[in-house]
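Notes for the one structure printed next.
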Amino acid sequence: MLYGRMPAPVRVRIAPSPTGDPHVGTAYIALFNYVFAKKHGGQFVLRIEDTDQTRARADSEQMIFEALRWCGLSWDEGPDVGGPYGPYRQSERSAIYRDHANILLDKGAAYRCFCTEDRLAKLRVQQQAMKASRFGYDRHCRDLDPADARARAAAGEPHVIRLKMPVEGTIAFTDMLRKEPVVREAAESDDQVLLKSDGMPTYHLANVVDDHLMKISHVVRAEEWISSTQKHVVLYDAFGWEKPQFAHMPLLRNADKSKISKRKNPVSINYYRDTGIFPQALLNFLATMGWSFGGDREKFTLDEMVSVFSWDRISLGGPVFDLAKLQHLNEQYLHEMSNEQLADALVAWRLNRDFLTRVVPLVRTRIKKLDEFLPRAEFVFTGDVDYTPVMTELRGACGQDVPAERLSAALLDFVERFEAREGFAAPALEELGRTWAEANGWKVGQAFMLLRIATTGRTASPGLFETMVVIGKEIVRRRIRQCAALLAPPKAPKAK
RNA sequence: GGCCCCAUAGUCUAGCGGUUAGGACGUCGGCCUCUCACGCCGAAAACUCGGGUUCAAGUCCCGAUGGGGUCACCA
């Protein structure tokens, strides 16, 4: 090149972890990565961060693919589409991480640590008790003789590999969205585990190694990562690699400003799909969370966003995810559709043969004529439910003497219980429901009535758990939570 | 608690030294209308506080306060 170095091509990535339902925050960050890549003719990479074998869920990865595609975001490289820098699933890259951990060991930038989980747990408790100003690993193994450590490891002693953080000086990095560099004392960070005892890397090692190997030019991720970035900087430097540019996006928030969570908001992309939100409306809405189009424009397409996108229109205050505003935007999209398009949308949503085939078995024995179908199955086609007509039955479902707070807590507990296990199938739900009823000391019939009213808004319904499955996990979760909140409004946040 | 990030109406935001502080959601009122909804018109509603810098501060600087994040062999 005669005129100097060409700017490195823009390569960005979204790196979801397949631990549950496809999260709206994943779509949010994916959107900005995608838009930035397209704006600069770069590539958008999808990488699956499945290094935690205890949390990985079998169906989660596929759901992430589908949800992102449903949103209208497509990736240039990824586990399912391949690409020149694969594999794109971290669980298939263990050897790479191990090699790199060894490089760090050789350089003296990392060390083997033989501390047991037990010791670390005690340490943590101790620090809490002492109200220590600094928490974290005490560097117990940092000064072990490397040769001894190697020998112990070779003898099969379980261990992890930790990063040797500098003990003095400051570490700074620039963030594209902030005018001042983010600076921190190096000693503020403890010696983070890089390679776990099962041989898998932690996020810190894996993301740095992969971003470098995959030639990622810009790391656009959520603000919750900002405080671990220092560790990543140390890693890049230890390897002698050039660092990517960082942009830490604000976190989506609940109405109370805390980080968005499923306890306070529907966070699964599937909820929005099942509830009839259009993907372009969801994306449009997400785009307005922290970014503005310019002028008074707030309705725009993905392509329009790409064409005008720039980082300087990001605002960093954590945006509250406001369902009402999303619905308004969706309404705009809906109204501009033709009757034919709207009819098609309805069909694609739930008024189709496939979906009806799932509803029919629920109600067929309960109707005499076809015209009774819809009244019998109405709650399968609605989002939120109005409980006012059944308040009396709801409060009395488990006996007149049971206080509303107790019912509310039990409902929330039921949600926690199905949340804790994989899948959402009727037999398992029923079993779960029975043990839940028993735990509450309620007759199964009574307890199920409580659930029935909460999930359908009716005192009469088809088989409860079959109905839940058809309605869908996301909507069921929201209805039960809303019902619980109605029974016992959540207390105002306690003062500290 | 340590550290870091952030700060315009209830909410999303515009503003990039001089504005009657603009738009949108939501709320309330009115018009339209067989009802409802849409649509249209209108209203209430914000620069967290205190110091600087400057002729001039929502805009720049410092501090306080408030909110958030993070301190795992989770990402």
Side-chain angles (χ1 to χ4, degrees), chain A residues 15-20 23 25-26 48-56 90 113 115-117 120-121 123-124 127-128 130-137 158-162 170-173 175 177-190 192-207 221-231 248-260 285-299 312-329 331-332 334-335 493 496:
Chain A
S17 166
T19 51
H23 201 278
T26 303
I48 295 293
E49 309 227 329
D50 55 349
T51 54
D52 185 346
Q53 323 212 292
T54 60
R55 291 206 316 160
Q90 290 185 330
C113 166
C115 292
T116 60
E117 301 239 29
L120 297 177
L123 182 66
R124 211 166 297 133
Q127 289 171 335
Q128 305 260 0
M130 288 168 55
K131 293 191 194 283
S133 66
R134 250 196 72 239
F135 291 66
Y137 182 57
H159 65 284
V160 301
I161 295 178
R162 288 184 184 270
T170 59
I171 301 168
F173 67 92
D175 185 292
L177 306 182
R178 281 156 255 261
K179 42 188 166 191
E180 303 289 339
V182 179
V183 189
R184 249 184 118 181
E185 292 290 327
E188 288 295 336
S189 302
D190 69 348
Q192 181 62 49
V193 171
L194 261 19
L195 207 66
K196 305 184 246 186
S197 55
D198 66 358
M200 282 297 220
T202 58
Y203 172 84
H204 306 286
L205 209 221
N207 113 82
R221 73 211 328 177
E223 195 178 3
E224 56 189 326
W225 294 110
I226 209 164
S227 53
S228 18
T229 304
Q230 261 84 5
K231 295 167 188 166
H248 289 94
M249 294 289 293
L251 249 22
L252 259 19
R253 309 292 182 91
N254 296 312
D256 65 3
K257 301 277 192 182
S258 56
K259 176 165 88 166
I260 196 167
F285 174 69
L286 253 16
T288 64
M289 300 273 92
W291 182 79
S292 58
F293 191 91
D296 288 332
R297 251 332 249 297
E298 58 173 21
K299 180 168 174 292
D312 55 20
R313 298 202 66 83
I314 295 278
S315 59
L316 294 172
V320 172
F321 192 97
D322 181 2
L323 221 48
K325 186 135 189 188
L326 167 60
Q327 284 168 10
H328 168 79
L329 204 48
E331 181 184 29
Q332 306 293 305
L334 190 147
H335 285 320
K496 287 200 214 180

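First the proteins, then the strands, lettered A, B, ... as listed; each starts at 1.
One P atom belongs to B:rG51, the other to B:rG10, and the distance between them is 24 Å to the nearest Å. Here, B:rC3 and B:rC55 have their P atoms 37 Å apart, quoted to the whole Å. With C1' as the reference atom, B:rU53 and B:rC62 are 11 Å apart, rounded to whole Å. Taking atom C1' in both B:rG63 and B:rA7, one finds a spacing of 15 Å when rounded to whole Å. Taking atom C1' in both B:rC47 and B:rG22, one finds a spacing of 13 Å when rounded to whole Å.
Take A:D175 and apply the salt bridge (Lys or Arg N to Asp or Glu O under 4.0 Å) test, not counting sequence neighbours, and it matches A:R178.
B:rA72 atom P lies 15 Å from atom CG of A:L194, rounded to whole Å. Atom CD of A:E180 and atom P of B:rC60 are 11 Å apart (whole Å). B:rC25 atom P lies 16 Å from atom CG of A:L323, rounded to whole Å. In this structure, A:R178 places its CZ atom 8 Å from P of B:rC5, rounding to the nearest Å. Across the protein-nucleic acid pair, A:D198 atom CG and B:rC73 atom P stand 12 Å apart, rounded to whole Å. The interatomic distance linking A:L286 (CG) with B:rU11 (P) rounds to 19 Å, in whole Å. In this structure, A:E185 places its CD atom 8 Å from P of B:rC4, rounding to the nearest Å. Atom CG in A:D52 sits roughly 9 Å away from atom C1' in B:rC73 (whole-Å rounding).
Along RNA chain B, the nucleotide nearest A:V193 and the nucleotide nearest A:S315 are compared for position; the residue whose nucleotide lies closer to the 5' end is A:S315. For A:I226 and A:L326, each mapped to the nucleotide of RNA chain B holding its nearest heavy atom, the one lying further toward the 5' end belongs to A:I226.
Residue A:R184 has its side chain nearest to B:rC4 when only B:rC4, B:rC5, B:rA75 are considered. The listed nucleotides are B:rC38, B:rG23, B:rA75; the one nearest the side chain of A:T51 is B:rA75. For A:R313, taking side-chain heavy atoms from C-beta onward, the closest of the listed nucleotides B:rC5, B:rG15, B:rG23 is B:rG15.
Between the side chains of A:Q192 and A:K231, a donor-acceptor pair is found at a separation under 3.5 Å. A:T229 and A:R221 are linked by a side-chain donor-acceptor pair at a separation below 3.5 angstrom, with hydrogens and angles left out of the test.
Judged by atom type and distance alone, A:T202 does not reach the base of B:rC73 through any side-chain donor-acceptor pair under 3.5 Å. Contact annotation: side chain of A:K299 to base of B:rA24, donor-acceptor pair absent below 3.5 Å.
For A:S292, a side-chain nitrogen or oxygen approaches OP1 or OP2 of B:rA14 to under 4.0 Å.
A salt bridge does not link A:E117 with A:R124: every distance from a Lys NZ or Arg NE/NH1/NH2 to an Asp or Glu carboxylate oxygen is 4.0 Å or more.
Shown here, B:rC16 forms no base pair; nothing in the strands shown gives a Watson-Crick or G-U wobble contact with both key distances under 3.5 Å. In this structure, B:rG39 and B:rC31 make a Watson-Crick or G-U wobble pair, each of the two defining distances being under 3.5 angstrom. B:rA45 makes up no base pair with any nucleotide shown, lacking Watson-Crick or G-U wobble contacts both under 3.5 Å. B:rU11: Watson-Crick or G-U partner is B:rA24, with both key distances under 3.5 Å. Base pairing annotation: B:rG2 forms a Watson-Crick or G-U wobble pair with B:rU70, both donor-acceptor distances under 3.5 Å.
The shortest side-chain heavy-atom distance between A:V182 and A:H248 does not fall under the 4.5 Å cut-off.
A:Y203 and A:W225 have parallel rings, their planes meeting at less than 30° on a 0 to 90° scale where 60° marks the start of perpendicular.
No contact: A:G295 has no heavy atom under 4.0 Å from any strand.
A donor-acceptor contact shorter than 3.5 Å is absent between the side chain of A:S197 and the backbone of A:V160.
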